[in-house]
Amino acid sequence: MHPLGPFAPAIVTYTMLQPLFPFSNLRQLVLSRLTFDLTDTEVKGMAMAWPHLEQLHFDVEFHISSEPQTTLRSLLWMAISCRALVFLSFTFTGTCSFSDEELSMAADHQLKFLDVGNSAIDNLEQVSAFLKTVFPVLLQITWKTFCPHGERWGEMWRGHIQPRSLDNEGLQTGD
């Protein structure tokens with residue numbers, strides 16, 4: 001039994017999401033108190049089903065018993081298929097390599113807010129390079145307060161990704 005007993009979050013699977021796929025104009029999906037158990041391939045199918053998605057929020061505060069099956073490749077699929085995505089709350093683990101073609105299809109995405117929850121950050125330089133290339137206007141990365149990888153996320157954010165400064169209108173300004 002989960003330590004939170006009946007207050008434990010429900011776990012969303014690909015099969016549970018599939019009935020929503022016909023809603024191809026879906027712009028916002030907020031699944032509070034729901035975490036997920038998806039693979040990178042399933043995230044690709046989800047991203048392709050909802051190309052107009054602007055906000056996707058899975059509950060990243062709760063930890064399921066096993067490590068997430070999703071990797072940076074899931075973020076790649078979201079960037080390729082959901083070009084209007086601005087806010088993403090999503091847990092992943094590990095890193096992976098990408099071809100130049102894959103990175104060019106995902107590059108220059110307009111994601112501004114990324115909540116990584118309890119995500120692992122194995123290779124700081126690889127994650128940093130991926131985020132700089134794919135999400136160049138990223139304004140904020142947040143992680144779970146007691147995330148075991150929180151220090152590494154903070155180090156990556158402070159040392160490898162330069163937060164953009166905004167003027168009074170919320171527009172990106174030069175350094």
Side-chain angles (χ1 to χ4, degrees), residues 14 28-29 35-61 63-64 66-167 170-175:
Y14 188 71
Q28 182 177 357
L29 183 61
T35 188
F36 65 91
D37 185 20
L38 300 169
T39 65
D40 289 336
T41 302
E42 292 169 339
V43 170
K44 179 181 181 181
M46 181 180 71
M48 291 173 68
W50 299 323
H52 304 288
L53 205 56
E54 296 170 4
Q55 178 179 348
L56 176 62
H57 173 81
F58 283 104
D59 195 331
V60 295
E61 288 299 314
H63 180 64
I64 57 177
S66 62
E67 289 289 320
Q69 298 180 63
T70 49
T71 67
L72 278 179
R73 186 158 298 282
S74 287
L75 296 182
L76 177 86
W77 296 131
M78 296 298 290
I80 290 171
S81 296
C82 304
R83 298 303 288 179
L85 192 64
V86 175
F87 178 89
L88 178 61
S89 182
F90 195 82
T91 304
F92 56 92
T93 189
T95 54
C96 54
S97 58
F98 305 101
S99 69
D100 289 340
E101 182 182 353
E102 288 174 319
L103 284 175
S104 69
M105 288 190 311
D108 298 324
H109 190 281
Q110 298 303 303
L111 186 77
K112 291 182 176 37
F113 304 98
L114 176 63
D115 184 352
V116 298
N118 204 24
S119 298
I121 183 168
D122 299 332
N123 184 323
L124 197 111
E125 288 75 24
Q126 186 182 36
V127 173
S128 176
F130 173 84
L131 293 176
K132 281 185 199 178
T133 301
V134 176
F135 306 120
V137 297
L138 191 62
L139 296 174
Q140 183 179 23
I141 296 177
T142 56
W143 51 89
K144 188 175 173 183
T145 304
F146 298 105
C147 173
H149 307 281
E151 283 187 33
R152 293 199 36 95
W153 279 108
E155 177 185 344
M156 194 260 320
W157 180 247
R158 288 184 303 275
H160 296 275
I161 296 182
Q162 299 301 313
R164 312 309 191 269
S165 59
L166 299 178
D167 65 15
L171 302 173
Q172 187 173 332
T173 60
D175 294 340

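No donor-acceptor distance shorter than 3.5 angstrom exists from the side chain of Gln140 to the backbone of Lys112, with no hydrogens or angles considered. Judged by distance alone, the side chain of Trp77 and the main-chain N or O of Met46 form no donor-acceptor pair under 3.5 Å. Not a single donor-acceptor pair under 3.5 Å links the side chain of Ser128 to the backbone N or O of Leu124. The closest donor-acceptor contact from the side chain of His109 to the backbone of Leu76 lies at 3.5 Å or more, if one exists at all. Distance alone, capped at 3.5 Å, is enough to place a donor-acceptor pair between the Thr70 side chain and the Thr91 backbone. A donor-acceptor pair under 3.5 Å links the side-chain atoms of Arg73 to the main chain of Ser97, judged by distance alone.
Under the rule for a ring-ring contact (aromatic ring centres under 6.0 Å, His included), the partners of Phe98 that lie at least two apart in sequence or sit in another chain are Phe130. Taking the salt bridge (Lys or Arg N to Asp or Glu O under 4.0 Å) definition, one finds that Glu151 meets it with nothing, sequence neighbours left out.
Inter-residue side-chain proximity for Ile121 and Val116 is flagged as unmet; no heavy-atom pair is nearer than 4.5 Å. In this structure the side chain of Phe92 never reaches within 4.5 angstrom of the side chain of Asp40, judged on heavy atoms. No side-chain heavy atom of Leu111 sits less than 4.5 Å from a side-chain heavy atom of Met78. The side-chain heavy atoms of His57 and Gln28, taken from C-beta on, include no pair separated by under 4.5 Å. Here the side chains of Val127 and Arg152 are not in contact, with every heavy-atom distance at 4.5 Å or above.
Scanning all heavy atoms of the two residues, the minimum distance from Leu75 to Phe135 falls at O-CZ, 4.1 Å. Of all heavy-atom pairs between Gln69 and Leu38, the closest is CB-O, 3.3 Å. In terms of heavy atoms, Ala79 sits closest to Ala106 at CB-CB, 3.9 Å. In plain terms, the two heavy atoms of Trp157 and Leu138 that are nearest each other are CH2-O, 3.8 Å. Phe90 approaches Ser119 most closely through the heavy-atom pair O-OG, 3.8 Å.
To the nearest 0.5 Å, atoms NE2 (His52) and SG (Cys82) are separated by 9.5 Å. The distance from the CE atom of Met156 to the CD atom of Gln126 is 12.0 Å, given to the nearest 0.5 Å. The distance from the CD atom of Gln110 to the CG atom of Asp108 is 7.5 Å, given to the nearest 0.5 Å. Taken to the nearest 0.5 Å, the CG atom of Leu114 stands 11.5 Å off from the CG atom of Leu139. With rounding to the nearest 0.5 Å, the separation of CZ in Phe36 from CZ in Phe58 is 6.0 Å. Atom CZ of Phe113 is separated from atom CG of Leu88 by 12.5 Å, given to the nearest 0.5 angstrom.
Applying the 6.0 Å contact sphere to CE of Met105 captures more than 12 heavy atoms from other residues, nucleotides or ligands.
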